There are 2 protein chains.
Amino acid sequence: MSTHPGRAASAAKQQRGKSPLTAETGPASSGDSGGASADITEHELKRRAILEGAAAVFARRGFVAGTTKEIAAEVGLSQPAIYHYVGSKSDLLREIALQVDRDLFAALESGIARSTNPAEQLRGIIEEYTAAVVRDRRVFAVFWQEGHSLPQEIQDRIREDQRDFITRVGKIVARLQRSKVLPPGPVAVMARAILSMPSWMYHWYLPEGQMTATEIADVYCRLIGLGERR
Amino acid sequence: MSTHPGRAASAAKQQRGKSPLTAETGPASSGDSGGASADITEHELKRRAILEGAAAVFARRGFVAGTTKEIAAEVGLSQPAIYHYVGSKSDLLREIALQVDRDLFAALESGIARSTNPAEQLRGIIEEYTAAVVRDRRVFAVFWQEGHSLPQEIQDRIREDQRDFITRVGKIVARLQRSKVLPPGPVAVMARAILSMPSWMYHWYLPEGQMTATEIADVYCRLIGLGERR
DNA sequence: CCTACCGATCGGTAGG
DNA sequence: CCTACCGATCGGTAGG
């Protein structure tokens, strides 16, 4: 059923408050290593900068309209030069999407791990998820907007992971319904409704905003009757 | 401040439960028809069919990747033929976006008009908005996903209209806070949180779904403590 | 990591 | 409303 527990767990450990693209990209850095410099870190750093630049360009203009030339300019390279660091334009999107996918599960696991009390778990998930979106708004925007430009295989995998995500949140929702903290209703719809609040933020949140992620998450929690409401 | 009351009001009258792009869906598949007909309706019907096809293609592949050839195929025309009905590919997106913009305000006005009681007004907005998204899922998807492909002028106008939308819902939220139906907190964030539930639906709602728009909207309302909850 | 450049795609027009 | 086709853009490679 679930293909990601391993991925999610390791992601949760690796990235504590870091951008999903600057953490650890995995054993992908092997392969070419053509130049004289034997320092793999140098190459890997540039690679991450390119991924960041790609996220910025794709967020601004979309995957198809965003050109490799723009991405290269974002990091001070010529357009053909980025092919020394990544295999193709499509790879850039794929890596961004898979990193967000892992980051979502990291938020889920981390939120659940806070407590055994379902109300505190749901609050934890909402807070961690909100923090993740605030931290990497552009990357999440690319993830949610450019899905149809991904290879079908990756689309399928992400879709399946999303289902798992909803299922797991749904189980917590069901417990909260039994204890009358949440009203009755189909758990899948209710889980999606709750998660849509942080998800939707990439449409409106601005980094210059005055509120912190925690404060915003608290509004979401009170709205659904979690915590010391009224 | 608000540039749309007129547009919204007329849109509310025109479309009662119909797709914003096809006020008339009748015998659109009329085949060819000889060139003799001087009937402007014939031309307009084809034009609407092209807009529907464009929405389908853009929803599936995005604005830039979706080609005019695909759109033409969707309605059984050759690629150059669609330029007899629309000025440019960009026009297709512009018309789709402006129609959704109007439809959003129609839902707002229609929901508010249901009552003078703010709780009923908010429920009305949620129900109308949910119904609109369910009715035209693909068109809303294009609206929210392909915004960056719109001409800057249109982007600005939509952004302003969105602000108005939030402001108006925020006023109802504020009244509900005063009467303790909703918890305290920044009205703009709370309004966005509430609206994100129907907005987000274009990511997950499937037309084969078992629930009606009204039932889903009811889940949203109960979740935020509206109605006969508990 | 750069300059040159190829191959393919695609929006839009010509001209009937 | 079609066949042909132009002009421009862009991803990726060659070859240093």
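Reminder, nothing fancy here: chain letters follow the sequence lines and each chain counts from 1. A quick note: this is a predicted structure, and the numbers were derived from the prediction, not measured.
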Original post:
What string of B, S and - do you get for nucleotides 3-16 of chain C 5' to 3' if you count protein non-hydrogen atoms under 4.0 Å?
Top reply: BB-----SBBB---

Original post:
Hey, is the main chain of A:Thr212 close enough, under 3.5 Å, to the side chain of A:Glu215 for a donor-acceptor pair?
Top reply: yes

Subject >> Centroid-centroid distance, B:Trp144 to A:Trp144, less than 6.0 Å >> reply: no

Original post:
Based on Watson-Crick and G-U pairs with both distances under 3.5 Å, what dot-bracket line describes DNA chain D 5' to 3', crossing pairs as [ ] and inter-strand pairs as |?
Top reply: ||||||||||||||||

**OP:** Establish, from distance only, whether the side-chain atoms of A:Asp156 and A:Gln152 form a donor-acceptor pair under 3.5 Å.
**Re:** yes

Original post:
Would you call the rings of B:His203 and B:Trp200 parallel, tilted or perpendicular if under 30° counts as parallel and over 60° as perpendicular?
Top reply: tilted

Original post:
Between the side chains of B:Ser199 and B:Tyr129, does any donor sit under 3.5 Å from an acceptor?
Top reply: yes

Original post:
Can you name the residues that form a salt bridge (charged side-chain N to carboxylate O under 4.0 Å, His left out) with A:Arg137, not counting sequence neighbours?
Top reply: none

**OP:** Kindly state whether the ring of B:Phe63 and the ring of B:Phe58 have centres lying under 6.0 angstrom apart.
**Re:** yes

